[in-house]
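Comments concern the structure below.
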Amino acid sequence: MKAKSLAISGWRTVRPAASRSIYDLALGTPPHSLIVASSGGHTDNYQTVVEEVLYPYPGLMGTYDYRIRADMVFFTSTNGGAMFSTGSIAFGQALPYANFDNNISRLLSNVVDAFAKDGPLPASTWTLEEKQWR
């Protein structure tokens, strides 16, 4: 089995690195990246991290700020490489739910299976039309 390389060029983590990563072209996310899933509907227990705001003001909480999210992102790179980002430190805590019989565990299993098998990864070729829904 030929191992596939993981390319992380162009992907930047929004601070703090342990909390979340989001699809954001301004932060260097490659334009051909696919958003696999995105979190949403967060409560006000989630707040924008202080590194992202110049000064505190009302509305920086989960029910108001669009930046309070985590995006699962996949993109391919040259020489058969690819990158999959779970987008959140809480991803690992979701895996054992219902004794690992849940949608997050199945998604991770599918991603690992795709990386492990021989041949090109899914989405190794894409067309501009596939990106128009953004």
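When a residue number appears, it is its place in the shown sequence, counting from 1. Quick caveat: nothing in here was measured; it's all calculated off a predicted structure.
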Any chance the side chains of Ser38 and Asp71 put a donor and an acceptor closer than 3.5 Å? yes
Heavy-atom pair with the smallest gap, counting every atom of Ala94 and Asn102: O-ND2, 3.4 Å
For Pro96 and Gly92, which heavy atoms make the closest approach, and how far apart are they? CD-O, 3.4 Å
Out of curiosity, [X] [atom1] to [Y] [atom2], how far, rounded to the nearest 0.5 Å?
X      : Y      : atom1 : atom2 : value
Arg69  : Ile22  : CZ    : CD1   : 4.5 Å
Met72  : Ser88  : CE    : OG    : 8.5 Å
Ser109 : Leu95  : OG    : CG    : 10.5 Å
Phe74  : Phe115 : CZ    : CZ    : 5.0 Å
Leu34  : Tyr23  : CG    : OH    : 9.0 Å
Asp113 : Leu108 : CG    : CG    : 9.0 Å

Ignoring hydrogens and angles, tell me if any N or O in the side chain of Ser39 forms a donor-acceptor pair with the backbone of Ala70 under 3.5 Å. yes
Does the His32 side chain pair with the main chain of Thr76, one donor and one acceptor, at a distance under 3.5 Å? yes
When clusters are formed by joining ILVMFWY residues with side-chain heavy atoms under 4.5 Å apart, either directly or through shared neighbours, do Tyr97 and Phe91 land in the same one? no
Any side-chain heavy atom of Gln47 sitting closer than 4.5 Å to one from Val53? no
Please list all pairs meeting salt bridge (charged side-chain N to carboxylate O under 4.0 Å, His left out) that have one or both residues in residues 83-108, counting only residues at least two apart or in different chains. Asp101-Arg106
Using atom types as modelled, flag every donor-acceptor pair under 3.5 Å from a side chain in residues 55-64 to any protein atom, sequence neighbours excluded.
from: Thr63; atom 1: OG1; to: Asp44; atom 2: OD1; distance (Å): 2.6
from: Thr63; atom 1: OG1; to: Asp44; atom 2: OD2; distance (Å): 3.3

